[in-house]
Protein chains: 2
Amino acid sequence: MMPAGSQTGEVASLARQTAAKGRARFRREAPEDRRRQLGEAALRCIVKHGNAGVSVRQIAAEAGVTQGLITHHFGEINELVAYAFDIMSAGLLQALMKAVEEAEPTPRKRLDSFIEASFSPILFDRDVLGVWVVFWGLVLHSPRMSASQREEYSDYCATVEGLIRDLAADEGFSIADTRLAAIAFTALLDGLWLAWCLNPASFKPQEGIQLCRNWVEGLRRGAYA
Amino acid sequence: MMPAGSQTGEVASLARQTAAKGRARFRREAPEDRRRQLGEAALRCIVKHGNAGVSVRQIAAEAGVTQGLITHHFGEINELVAYAFDIMSAGLLQALMKAVEEAEPTPRKRLDSFIEASFSPILFDRDVLGVWVVFWGLVLHSPRMSASQREEYSDYCATVEGLIRDLAADEGFSIADTRLAAIAFTALLDGLWLAWCLNPASFKPQEGIQLCRNWVEGLRRGAYA
DNA sequence: AGGGAAATTATAAGATCGTATAGCAATGAA
DNA sequence: TTCATTGCTATACGATCTTATAATTTCCCT
């Protein structure tokens, strides 16, 4: 209950000092590298414990460092979480784009590849949603997180919009407002992602792909003209 | 740091006893009522502070009672949160259904009324999403919450499916799998809800309504046949 | 090889959290 | 009006949390 030794700081330090002989007691790393390690440790903690995983102590332990290091590199923990958000967001969008670029270079194949990648374990993974849900919760209460979200959502929508616009141009159908159509398609993807992760029994990923193709078919048939 | 007075419990109690003369120091309520009060206090706390609002102390303070009362009525706090989830979920679905029942009794008007209600402040409200996001986070890590979610999502989907099925029957178009179509439409609604609440500048509620009508138009044109 | 910058650890202080326990007191029934 | 039920308060305890500060150690640079 009572703090063990209040005035013994220097003594303990001395003891440690003499005890340390052989090898280095910690690695000194470039701030860039350490920040990334901490960001990734934060993500692992959030995967494991959800909101409860957002804690200086847990993240430091996961990264194998002491708590003070997080303060040193990020100031306050929210900054670390925002950084982790940026890391993850960039990684996911990049993985999706990679799938698109590897597809045959027709608008149809590219969009289809985007859809399939969206329903692959890259995104369709309860752990990934678990991280995302924590981020959403913070976005609603933190201007810093909100700013990140705005930017990342914007990039994501722009990507989707490009895919849709190319398809429309290629197949010769018209869309009244491509921006809005992209928002709807993005919402459909996110909604299916959410529903499946919360309850994987509700439908199969393959059915989700079909539903997205149906949406595109609606677009083709002029439902958004 | 050190506990103030460890053995002074009885003394303090005695002092209070004599001090209390005039009026009742607390209201004694039926368990049913008190449980609901606590559930609603929990929701207010979550609205105000997000995940951080889920705390015995904060909720008790919000409800104007002592912490022990939560233990008394719910055992552990997770049970209270699950109860709050059920309250809120039932309230929202009921509000949506009320809008549907007040519409002209044609399938088309009923579905349209459902859509409009979905984009009204009943649901389209950052506070409401804030609560929901917290629940989603818990659903992913708690079997108890997951069970509630499964049931409530199922009810919600069934409602949507009924509306869609009636429309298809009335207008004479066909749908390959009504259950899947309902899942897609539900996902679209949730996705738009999420996107707008996270960033209300991304589109206007009225545009959301239009996007839903477009989806229905795709259904009508056989994109899901 | 050694000095110094800064990365890292170690430690402390104060808040808050969840739950358990014991006793008080409001209320309906006798 | 008294009594018993049980809703409710009061309090304690141990764990964990964030942040701040000071000492220490690594490693680059000259």
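A, B, ... follow the sequence lines: proteins, then strands. Residue 1 opens every chain.
With hydrogens and angles ignored, the 3.5 Å screen pairs no side-chain donor or acceptor of A:W193 with any backbone N or O of A:L129. Looking at B:S154, its side chain never comes within 3.5 Å of a backbone N or O of B:R150 through a donor-acceptor pair.
Protein atom CZ of B:R25 is 11 Å distant from nucleotide atom C1' of C:dA26, rounded to whole Å. Rounded to whole angstrom, the span from the CD1 atom of B:I70 across to the P atom of C:dT19 amounts to 10 Å. Across the protein-nucleic acid pair, B:L69 atom CG and D:dG7 atom P stand 9 Å apart, rounded to whole Å. Distance NE2 (B:H72) to P (C:dA22): 15 Å, rounded to an integer number of Å. The CZ-P distance, from B:F26 to C:dA25, rounds to 8 Å in whole Å. Protein atom CD of A:E76 is 9 Å distant from nucleotide atom P of D:dA20, rounded to whole Å. Atom CD in B:Q67 sits roughly 13 Å away from atom P in C:dA20 (whole-Å rounding). Atom CD1 in A:I77 sits about 13 Å away from atom C1' in D:dT16, given to the nearest Å.
Contact annotation for B:E29: backbone-only contact, meaning every heavy-atom pair under 4.0 Å involves sugar-phosphate atoms and none involves a base. Residue contacts for B:T66: at a heavy-atom cut-off of 4.0 Å it reaches a base atom on one of the strands shown.
By the neighbour-count criterion of 12 heavy atoms within 6.0 Å, atom CD of B:E101 is densely surrounded, having more than that number from other residues, nucleotides or ligands.
Checked by distance alone, B:R28 brings a side-chain donor or acceptor within 3.5 Å of a matching partner on the base of D:dT6. Donor-acceptor pairing under 3.5 Å, judged by distance alone, is absent between the side chain of B:R34 and the base of D:dG7.
For C:dC17, the OP1/OP2 oxygens have a side-chain nitrogen or oxygen of B:S55 closer than 4.0 Å. Between B:Q58 and C:dC17, a side-chain N or O to OP1/OP2 separation shorter than 4.0 Å is present.
The aromatic rings of A:W215 and A:F185 sit tilted relative to each other, their planes meeting at an angle between 30° and 60°.
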Exercise for review: Starting from the C-alpha separation in whole Å, work towards a yes-or-no answer on side-chain hydrogen bond (donor to acceptor under 3.5 Å, both in side chains) for A:D33 and A:Q37.
Suggested key: CA-CA 6 Å; A:D33 297 341; A:Q37 290 170 17; 6.0 Å; no

